Number of protein chains: 2
Amino acid sequence: MTYGNALRCLSDPTRRQVFERLRHGPLPVGAIAAGLPVSRPAVSQHLKSLKDAGLVTDRAEGTRRVYAIDPNGIGELRRWLDQFWDEALESFSREVRRTSPHRSRP
Amino acid sequence: MTYGNALRCLSDPTRRQVFERLRHGPLPVGAIAAGLPVSRPAVSQHLKSLKDAGLVTDRAEGTRRVYAIDPNGIGELRRWLDQFWDEALESFSREVRRTSPHRSRP
DNA sequence: ACTTACCGTAAGCCATGACTTACGGAAACG
DNA sequence: CGTTTCCGTAAGTCATGGCTTACGGTAAGT
């Protein structure tokens, strides 16, 4: 249930902002924190959470630490959501069939 | 940004349990609360949040209130995630190309 | 009409977690 | 080596929100 961690991470607006800044490519912590309404240590803490959830990866590059999006996290989240999506649609159509019975040819 | 509400809803484990109980079809509140480790009013509050996020719908059926999954909520969430998924994959492959340069034909 | 079943809302309690400031450590640069 | 830059961690504060109990309201049954 690692998708639970992913959901918990992405539920926080600030953490989503951190995450979305990596969409167009990897970035060091300072560049991520710049412009955000929170301090840099806060961003570091968010990045730790995102990393634990499998949503980002980090690599050392000199004195800076470059973060990038990890496809594994969103992949797992996507699979969980898709499985859900299918069953929900089926249940929904079943419900429609039940509510408005045999409107087969007006 | 109604997907933000959806994410916030699904981030809570109990609320996910409530939500997942509706996967196989609509259920009244009592049936949902039965077996859950929280009280029935708590389930009602969770259902209110899920409804506000567009994740469930409710209809009155006599004295009971039947809840069902609303495809709109997960749909929006899925679209947001997919858009994200595409850009992330592209950025990822771009990164792989950059890190391990022209391994074209071993 | 009285009772029972089923549910939503209000008020209050309490843990979780998001943020801050302060500190320490590792790599580049002179 | 000292300094500067860039970053992670620790400790502490404070708001958010999830849960409970108590209450009120509507619909069905007798």
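This structure is a prediction, so every number in the text was calculated from the model and none was measured. Values reported hereafter were calculated over all heavy atoms of this structure, with side chains retained and with hydrogens, waters and symmetry mates removed. Order of the sequence lines sets the chain letters (A, B, ...), proteins ahead of strands, with each chain counted from 1.
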N/O to N/O distances under 3.5 Å, protein versus nucleotides 18-22 of chain C:
unit_1: C/dA18; atom_1: OP2; unit_2: A/R15; atom_2: NH1; d: 3.0
unit_1: C/dA18; atom_1: OP2; unit_2: A/R15; atom_2: NH2; d: 3.3
unit_1: C/dC19; atom_1: OP1; unit_2: A/T14; atom_2: OG1; d: 2.9
unit_1: C/dC19; atom_1: OP2; unit_2: A/H46; atom_2: NE2; d: 2.2
unit_1: C/dT20; atom_1: OP2; unit_2: A/S39; atom_2: N; d: 2.7
unit_1: C/dT20; atom_1: OP2; unit_2: A/S39; atom_2: OG; d: 2.7
unit_1: C/dT20; atom_1: O4; unit_2: A/Q45; atom_2: NE2; d: 3.1

### Task
Calculate the interatomic distance between B/K48 atom NZ and D/dG18 atom C1'; express it in whole Å.
15 Å

### Summary
Under a 4.0 Å heavy-atom cutoff, the residues of residues 50-58 of chain A touching DNA chain C are none

### Task
Using a cut-off of strictly less than 4.0 Å, decide whether A/Y67 has a side-chain nitrogen or oxygen near OP1 or OP2 of D/dG8.
yes

#### Entry: Rounded interatomic separation in angstrom, taking CG from A/N5 and P from C/dG17
11 Å

### Query
Are side-chain heavy atoms of B/R15 and B/R8 found at a separation under 4.5 Å?
yes

#### Entry: Separation of B/I69 CD1 from B/I74 CD1 (nearest 0.5 Å)
5.5 Å

### Task
Output yes when a side-chain donor or acceptor of A/D70 lies under 3.5 Å from a complementary backbone atom of A/G73, and no otherwise.
no

### Query
Is any side-chain N of the basic residue among B/E61 and B/R59 closer than 4.0 Å to the acidic one's carboxylate O?
yes

#### Entry: For atom CZ of A/R64 and atom C1' of D/dT5, their distance in whole Å
8 Å

#### Entry: Option passing side chain to side chain contact (heavy atoms under 4.5 Å, CB included) with A/L77 (candidates A/L7, A/N5, A/L55)
A/L7

### Query
If you pin A/T63 and B/L47 to their nearest nucleotides in DNA chain C, which one's is more 5'?
B/L47

### Query
Are A/T57 and A/Y67 close enough that some pair of their side-chain heavy atoms sits under 4.5 Å apart?
no

### Query
Between B/W80 and A/L10, is any pair of side-chain heavy atoms under 4.5 Å apart?
yes

### Query
Can you find a pair of side-chain heavy atoms, one from B/V43 and one from B/T14, that are under 4.5 Å apart?
no

### Summary
In whole angstroms, the gap separating P of C/dC6 from CD1 of B/I32 amounts to 14 Å

